[in-house]
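The structure under discussion appears below in the form of structure tokens.
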Number of protein chains: 2
Amino acid sequence: MLSKKTKYGIKALTFLARQEDNAPVSIATISKSENISLKFLESILLTLRKNGFLSSKKGKGGGYYLLKEPSEIKMASIYRVLEGPISMVPCVSLNFYEKCADCPDENVCAVRNLMIQIRDSSLQIFKNTTLADLCRYK
Amino acid sequence: MLSKKTKYGIKALTFLARQEDNAPVSIATISKSENISLKFLESILLTLRKNGFLSSKKGKGGGYYLLKEPSEIKMASIYRVLEGPISMVPCVSLNFYEKCADCPDENVCAVRNLMIQIRDSSLQIFKNTTLADLCRYK
DNA sequence: TTATTAATCTACTAATTCTATAGGGTTTTA
DNA sequence: TAAAACCCTATAGAATTAGTAGATTAATAA
């Protein structure tokens, strides 16, 4: 299941991507428009800023704005920052690899071989979809 | 992330599918072979029995055995019983649909439209893979 | 027939982690 | 001076991953 953190993060990014001139938008504005708890959204936007997706402007008239073109922001990178690994098991993850404690031999694991397929198909979608693509559903 | 419950469940089912004559296998045997906590495995197998994948025989020489041919058990059905919905958001789920509280209009939701694609690609794999396919990774 | 043993079944408990916030105070800037 | 981001802490509830104790059932050996 996708966490609300990721869901809200994607919604906020889409909202920012839809701004005409990429002018700063306050947390409160996004919070109201997208029905997201203000304080929760605050922490999500902070994460996105620390990971280079957003920048912010303090004080009156301030807010958050995108640092890159929506067409250059892949969903895969957003997903990894907010949700974590795209793989469903760590032993299959490309960016967050970990060995499974219970598996003596990865190459023989039936679960692993299935999860590689799931990872590949999801990854293809997440890699080939950008924030600009998401804005088109309007 | 895939829960250990689902992971262990798939491993146990694969183990049973590999038995020559489909003779009952005790929980202890599977537990040792697959490095799974015995009591945890017990509850997982119980779930799989209650959902029609397995049957069991009590007493000496008893254990669990498959009720259907491995080639007739789709990973999609196993996944849904152990892990729950294949979709990452409830508003996209075919078998566990729920409306999202924060969305005024589903058809316009960017997250939803992305998650439909993810669901479809995963579903295709889970539907077209059977327990028999998993046994081949040996 | 009886006792033993090897199984599943049922119910309760518990530690740990994750999720989704809420609150309050600080700093910056128009 | 007001509006905004920033930063730190706490927390209720849920899910996960088991562990504990005992009841029930069935095959088999005495």
Identify all pairs in which a protein N or O lies below 3.5 Å from an N or O of nucleotides 2-7 of chain C, and state each distance.
residue : atom : partner : partner atom : Å
C/dA7   : O4'  : B/Gly59 : O            : 3.4

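Residue pairs meeting the side chain to side chain donor-acceptor pair (under 3.5 Å) criterion with at least one member in residues 50-63 of chain A, sequence neighbours excluded: A/Ser55-A/Tyr65. Among residue pairs with one or both ends in residues 69-114 of chain B, those qualifying as ring-ring contact (aromatic ring centres under 6.0 Å, His included) are B/Tyr79-B/Phe126; sequence neighbours excluded. Listed by first and then second residue, the salt bridge (charged side-chain N to carboxylate O under 4.0 Å, His left out) pairs that reach into residues 87-102 of chain B are A/Lys7-B/Asp102, A/Lys11-B/Asp102, sequence neighbours excluded. Within the structure, every pair that satisfies the salt bridge (charged side-chain N to carboxylate O under 4.0 Å, His left out) test and touches residues 32-46 of chain B, not counting sequence neighbours, is listed here: B/Lys39-B/Glu42.
Applying the side-chain contact (heavy atoms from CB on, under 4.5 Å) criterion to B/Asp21, with sequence neighbours excluded, gives B/Ala23. For the salt bridge (Lys or Arg N to Asp or Glu O under 4.0 Å) test, residues two or more places apart in sequence or in another chain that qualify with B/Arg112 are B/Glu106. With sequence neighbours excluded, the residues that form a side-chain contact (heavy atoms from CB on, under 4.5 Å) with A/Gln19 are A/Phe15, A/Val25. Applying the side chain to side chain donor-acceptor pair (under 3.5 Å) rule to B/Thr14 yields no partners; only residues at least two apart in sequence or on another chain are considered. Shown here are the side-chain contact (heavy atoms from CB on, under 4.5 Å) partners of A/Lys4, two or more places apart in sequence or in another chain: A/Tyr8, A/Phe40.
Counting any heavy atom pair closer than 4.0 Å across all strands shown, B/Leu45 reaches no nucleic acid atom.
A donor and an acceptor atom, one from each side chain of A/Glu72 and A/Thr130, are nowhere located under 3.5 Å apart.
With a cutoff of under 4.0 Å to any heavy atom of chain A, the contacted region of DNA chain D is bounded 5' to 3' by D/dA3 to D/dC7.
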The contact string for nucleotides 17-22 of chain C, one letter per nucleotide 5' to 3', using protein heavy atoms under 4.0 Å with B, S and - for base, sugar-phosphate only and none, comes out as ---SBB
